[in-house]
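Everything numeric in this text was worked out from a predicted model, so none of it was measured.
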Amino acid sequence: VPDGSESSPIITNTGDTDTGLYFSGSNAIALTSGGSRKMNISSSSIYFYDKVTILDSASYSGLTIESTDSGYSSNALELELYRNSSTPANNDYLGRISFNGEDSSGNKQSYVRITSQALNVTSGSEKSNLQFQLVDTANSASFYTPLNLEPSATTITGQLFITAASIADTVTLTRSTNSQNNMIKFKTANITDWIVGERNDSTSDFRIYSGGSGANVLTLARATNAATFAGGATFGGAGTFAGTATASGVFVTGANNNAS
């Protein structure tokens, strides 16, 4: 039997001579449609040359990637999205997983996307991100990114609610190096940064300070369990502080005003 070719397969239907099966090489067969190769099967791999749709009418089924290996310590099952570009550039999109459905008018709608970019493609300095995107057309935003992951920072846009099941289920912020002076920063377009965190020194005092001037507003001393207000401290309600007040080892210093 002759091998056939992509444009002229050896096994065809009567009257449709450019669609069928041909032998694409040693230990390999291929399927072609309209004179264009769509699938190639060899002894080592299976390649598809067009969009692949898996249609399943069951609500619980889909695509399963299964391995019968008894266990491998360094590698896991891998789903690879490979942008094989001859001219890679910074900020190239590498891949996207899209969760689609229909809207009330029967239109296909993408509701959630997970997207990755190559922020830097320079060899030896590669950098990437991973974005979780949600649709919000009601607020004039086709997609917005509430969570963006990068090697040096994680950016959360919008409100963050953390629900703990018990006292032990808390949020822990761990600093891997002593080169940073702050842990949490509060910032808007109209005000100076406010920073809450542990000072980078041997005392490990906890401080709240203004990022614009670097001035400490409140210091909680670890060694003495004392709280010190820098500058003027204003207390509302019934509490009155005049001069320096001492209460259970807590010291309030500076010009203090009663705002009651």
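- Nearest heavy-atom pair across Tyr22 and Asp3 is CB-O, 3.3 Å.
- For the pair Asn100 and Lys108, the minimum side-chain heavy-atom distance is below 4.5 Å.
- Taking all atoms of both residues into account, the shortest heavy-atom contact from Tyr111 to Phe143 is O-CE2, 4.0 Å.
- With values rounded to the nearest 0.5 angstrom, Ile156 atom CD1 is found 6.0 Å from Leu147 atom CG.
- Hydrophobic clustering, with ILVMFWY side chains joined whenever heavy atoms are under 4.5 angstrom apart, groups Ile11 together with Leu31.
- Here Leu130 contributes atom CG and Glu150 contributes atom CD; the two are 10.5 Å apart, rounded to the nearest 0.5 Å.
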N/O donor-acceptor pairs under 3.5 Å from side chains in residues 85-93, not counting sequence neighbours:
from: Ser85; atom 1: OG; to: Thr87; atom 2: N; distance (Å): 3.1
from: Asn90; atom 1: OD1; to: Val121; atom 2: N; distance (Å): 2.9
from: Asp92; atom 1: OD2; to: Ala89; atom 2: N; distance (Å): 2.8

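- Between Phe23 and Ile29 the shortest heavy-atom distance is CD2-CG2, 3.6 Å.
- Hydrophobic clustering (side-chain heavy atoms under 4.5 Å, transitive across Ile, Leu, Val, Met, Phe, Trp, Tyr) keeps Ile54 apart from Ile46.
- The minimum heavy-atom distance linking Ile65 with Leu77 is given by the pair O-CD1, 3.5 Å.
- The heavy-atom pair separating Phe132 from Pro146 by the smallest distance is O-CD, 3.0 Å.
- How far CG of Asp18 is from OG of Ser33: 7.5 Å, rounded to the nearest 0.5 Å.
- Hydrophobic side-chain contacts under 4.5 Å tie Leu55 to no other Ile, Leu, Val, Met, Phe, Trp or Tyr residue.
- Using modelled atom types and a 3.5 Å distance limit, the side chains of Gln109 and Glu102 yield no donor-acceptor pair.
- When atom types are taken as modelled, the side chain of Ser116 and the backbone of Asn129 share a donor-acceptor pair closer than 3.5 angstrom.
- Proximity of Lys127 to Pro151: side-chain heavy atoms (C-beta onward) are separated by under 4.5 Å at one or more points.
- Between the CZ atom in Arg96 and the CD atom in Gln133 there is a gap of 5.5 Å [rounded to 0.5 Å].
- Asn120 is not listed as a side-chain neighbour of Glu126, based on a closest heavy-atom distance of 4.5 Å or more.
- Counting non-hydrogen atoms of neighbouring residues, nucleotides and ligands closer than 6.0 angstrom, the OH atom of Tyr47 reaches no more than 12 such neighbours.
- When atom types are taken as modelled, the side chain of Ser5 and the backbone of Ser8 share a donor-acceptor pair closer than 3.5 angstrom.
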Which pairs would a plain distance check flag for residues 34-42, meaning a side-chain donor or acceptor within less than 3.5 Å of a matching protein atom at least two apart in sequence or in another chain?
from: Lys38; atom 1: NZ; to: Asp50; atom 2: OD2; distance (Å): 2.8
from: Asn40; atom 1: OD1; to: Ser24; atom 2: OG; distance (Å): 2.5
from: Ser42; atom 1: OG; to: Ser44; atom 2: N; distance (Å): 3.3
from: Ser42; atom 1: OG; to: Ser45; atom 2: N; distance (Å): 3.2
from: Ser42; atom 1: OG; to: Ser45; atom 2: O; distance (Å): 3.3
from: Ser42; atom 1: OG; to: Ser45; atom 2: OG; distance (Å): 3.3

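- Scanning all heavy atoms of the two residues, the minimum distance from Glu6 to Thr32 falls at O-OG1, 2.8 Å.
- For the pair Pro9 and Leu21, the minimum side-chain heavy-atom distance is 4.5 Å or more.
- At distances below 3.5 Å, at least one donor-acceptor pair connects side-chain atoms of Asp103 with backbone N or O atoms of Gly106.
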* To do: Apply side-chain contact (heavy atoms from CB on, under 4.5 Å) to Leu81 and Leu94, showing your working.
  => CA-CA 7 Å; Leu81 304 180; Leu94 300 176; over 6 Å; no
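- Proximity of Thr157 to Thr145: side-chain heavy atoms (C-beta onward) are nowhere separated by under 4.5 Å.
- There is a side-chain donor-acceptor pair under 3.5 Å between Ser98 and Ser110.
- Under the 4.5 Å side-chain heavy-atom criterion for ILVMFWY residues, no single connected hydrophobic cluster contains both Leu119 and Ile114.
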